[in-house]
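For reference, the structure is listed below as structure tokens.
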Amino acid sequence: MPELPEVETVRRSLELHLAGRTITGVEGEAVKLRRPLDPKSLARILVGRRLEAFRRRGKFLLVDLEPEGTILVHLGMSGRLQIAQPSEPRLPHNHLVLLLDDGRELRYADTRRFGLVDWLAPGAEAMDSSLSKLGVEPLDPHIAEILPSLLHARRAPVKALLMDQRLIAGVGNIYAAEALWRARIRPTRAGNRTSLNRLTNLAVAVRGVLTEAVAQGGTTLRDYATPEGGYGYFALELKVYGRQGEPCPSCGSTLRAGVIAGRTTAWCPICQR
DNA sequence: CCAGTATCCTGCAGGC
DNA sequence: TGCCTGCAGGATACTG
């Protein structure tokens with residue numbers, strides 16, 4: 001589900017509503033997510049700690065605790081974080097609940113279990129097997145200087161490169177398709193067969209589409225919602241994602257679709273070369 | 001090292 | 001009305 005704009009929206013919501021709260025209890029059953037989740041052992045660590053800061057790295061969310069340590073969260077395809085009152089019914093597949101000192105709960109639900117919740121002890125962040133491999137942040141002010149040479153050195157289709165978290169961290173299937181349409185680059189084009197000029201345009205398009213999506217609260221297609229239960233309105237701005245068969249918003253030709261790196265992608269056969 | 005494919009899991013839409 | 005197939009905002013283990 002969630003790419004950078006959705007994770008950033010969740011981050012801001014948690015920061016606004018939960019900063020300073022203390023964890024008073026942990027509930028949930030052990031379950032195999034991307035990494036094993038064991039609420040009982042988490043409870044021994046987390047109870048009594050305070051939610052101090054909320055950070056994002058790529059599609060990962062990091063919750064810094066006082067006096068020390070960090071909770072690492074990834075939402076995978078179907079993960080959701082929800083701020084709720086105890087009286088509100090829990091979502092299906094609610095795997096973890098943090099009870100807070102003001103009576104509210106922070107709940108993690110993940111239908112498909114491609115996400116993760118993990119505990120990072122002090123110092124563990126730099127060594128983490130997922131975090132340590134992440135590439136540049138797309139909202140980095142220098143992205144237009146950094147990204148072109150990275151992509152130009154590879155033979156894979158640019159669409160696959162944009163979604164490779166080791167190169168650029170936070171872009172997924174929706175925003176890769178949208179950025180390529182904006183930059184007028186065909187998603188099948190190889191990185192090393194795309195000029196540095198055009199790759200610079202692509203980097204600017206990536207930053208632009210992500211910035212606008214964050215401003216709209218992300219993209220709600222199916223189950224994504226903010227922790228307060230709101231939706232992301234960038235779905236209204238999507239030009240090509242999921243629109244195969246419809247007219248290109250720029251030139252009117254019929255958008256086509258294909259599979260690149262195992263993911264369906266739509267593009268305009270006229271605008272995008 | 002690089003590129004491409006299979007795999008993890010549940011739910012839902014569409015075809016027969 | 002079922003039943004079956006394919007597909008979905010992702011990451012990674014594996015193959016060639």
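Only this structure's heavy atoms are used, side chains among them; waters, hydrogens and symmetry mates stay out. Every chain is numbered from 1 and lettered A, B, ... according to where its sequence line falls, protein lines coming before strand lines.
Between A:Arg112 and A:Gln165, the residue whose closest nucleotide on DNA chain C is further toward the 5' end is A:Arg112.
A:Leu199 CG to A:Asn192 CG: the interatomic distance, rounded to the nearest 0.5 Å, is 10.0 Å. In this structure, CZ in A:Arg189 is found 13.0 Å from CG in A:Leu161, a value given to the nearest 0.5 Å.
Distances shown here put a side-chain N or O of A:His74 below 4.0 Å from the OP1 or OP2 atom of C:dA11. OP1 or OP2 of B:dT10 lies within a sub-4.0 Å distance of a side-chain N or O belonging to A:Arg113. Between A:Arg263 and the phosphate of C:dA8, there is no side-chain N or O to OP1/OP2 separation shorter than 4.0 Å. Contact check, A:Lys59 against C:dA11: a side-chain N or O comes under 4.0 Å of OP1 or OP2.
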* Asked: Just by protein heavy atoms under 4.0 Å, how would nucleotides 1-7 of chain B read 5' to 3' in B, S and -?
  -> -SSS---
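Across the protein-nucleic acid pair, A:Tyr224 atom OH and C:dG10 atom P stand 14 Å apart, rounded to whole Å. Atom CD in A:Gln244 sits about 12 Å away from atom C1' in C:dA8, given to the nearest Å. Between the CE atom of A:Met163 and the C1' atom of C:dG10 there is a distance of 10 Å, given to the nearest Å. Atom CG in A:Asn173 sits about 11 Å away from atom P in C:dA11, given to the nearest Å. Remark: C1' of C:dA11 and CG of A:Leu72 are 13 Å apart, rounded to the nearest angstrom. A straight line from CD1 of A:Ile260 to P of C:dA8 spans 13 Å, rounded to a whole angstrom.
Annotation for A:Val97: hydrophobic cluster partners, listed by chain and number, are A:Leu99 (ILVMFWY side-chain heavy atoms under 4.5 Å, direct or chained). Cluster partners of A:Val240, by chain and number: A:Trp181, A:Leu255. The rule joins Ile, Leu, Val, Met, Phe, Trp and Tyr whenever side-chain heavy atoms lie under 4.5 Å apart.
Evaluation of the ring-ring contact (aromatic ring centres under 6.0 Å, His included) test over residues 185-216 of chain A, restricted to residues two or more places apart or in two chains, returns none. Applying the ring-ring contact (aromatic ring centres under 6.0 Å, His included) test to every pair with at least one member in residues 78-108 of chain A, sequence neighbours left out, gives no pairs at all. Legend: ring-ring contact (aromatic ring centres under 6.0 Å, His included) pairs involving residues 13-63 of chain A, not counting sequence neighbours, sorted by first then second residue: A:Phe60-A:His74.
No hydrogens or angles considered: nothing links the side chains of A:Ser87 and A:Gln85 as a donor-acceptor pair under 3.5 Å. A:Arg34 and A:Ser130 share no donor-acceptor pair across their side chains, judged by distance under 3.5 Å alone.
One finds no salt bridge joining A:Arg57 and A:Glu125 here, because no Lys/Arg side-chain nitrogen approaches an Asp/Glu carboxylate oxygen to under 4.0 Å. Electrostatic pairing of A:Glu15 and A:Arg12 does not count as a salt bridge here, judged by no charged N lying under 4.0 Å from a carboxylate O. Taking 4.0 Å as the cut-off between side-chain N and carboxylate O, A:Arg107 and A:Glu88 do not count as a salt-bridged pair.
Here A:Phe114 does not lie in a stacked arrangement on the base of B:dC9, lacking the combination of planes under 30° and ring centres under 5.5 Å apart.
No path of Ile, Leu, Val, Met, Phe, Trp and Tyr side chains, each step under 4.5 Å between heavy atoms, connects A:Ile260 with A:Leu180, placing them in separate hydrophobic clusters.
No more than 12 heavy atoms of other residues, nucleotides or ligands sit less than 6.0 Å from atom CZ of A:Arg155.
One N or O on the side chain of A:Glu178 and one on the backbone of A:Tyr241 form a donor-acceptor pair closer than 3.5 Å.
Using a 4.0 Å cutoff on non-hydrogen atoms, no part of residues 175-193 of chain A comes near DNA chain B.
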Donor-acceptor pairs under 3.5 angstrom involving side-chain atoms of residues 246-253 of chain A: please list them, not counting sequence neighbours.
| from | atom 1 | to | atom 2 | distance (Å) |
| --- | --- | --- | --- | --- |
| A:Glu246 | OE1 | A:Arg243 | NH1 | 2.8 |

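The side chain to side chain contact (heavy atoms under 4.5 Å, CB included) test applied to A:Ile45 returns A:Arg49, A:Trp119, not counting sequence neighbours.
Among the duplex regions that DNA chain B forms, those built from at least three successive Watson-Crick or G-U pairs under 3.5 Å are B:2-8 with C:10-16, B:10-16 with C:2-8, ordered by first number.
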Anything under 3.5 Å between a protein N or O and an N or O of nucleotides 12-16 of chain C, put it in a table, one pair a line.
| from | atom 1 | to | atom 2 | distance (Å) |
| --- | --- | --- | --- | --- |
| C:dT12 | OP1 | A:Ser130 | OG | 3.1 |
| C:dT12 | O4' | A:Arg34 | NH2 | 3.3 |

Could you go through nucleotides 11-14 of chain B and list every protein N or O atom that sits under 3.5 Å from one of its N or O atoms, giving the distance for each pair?
| from | atom 1 | to | atom 2 | distance (Å) |
| --- | --- | --- | --- | --- |
| B:dG11 | OP1 | A:His93 | NE2 | 3.0 |

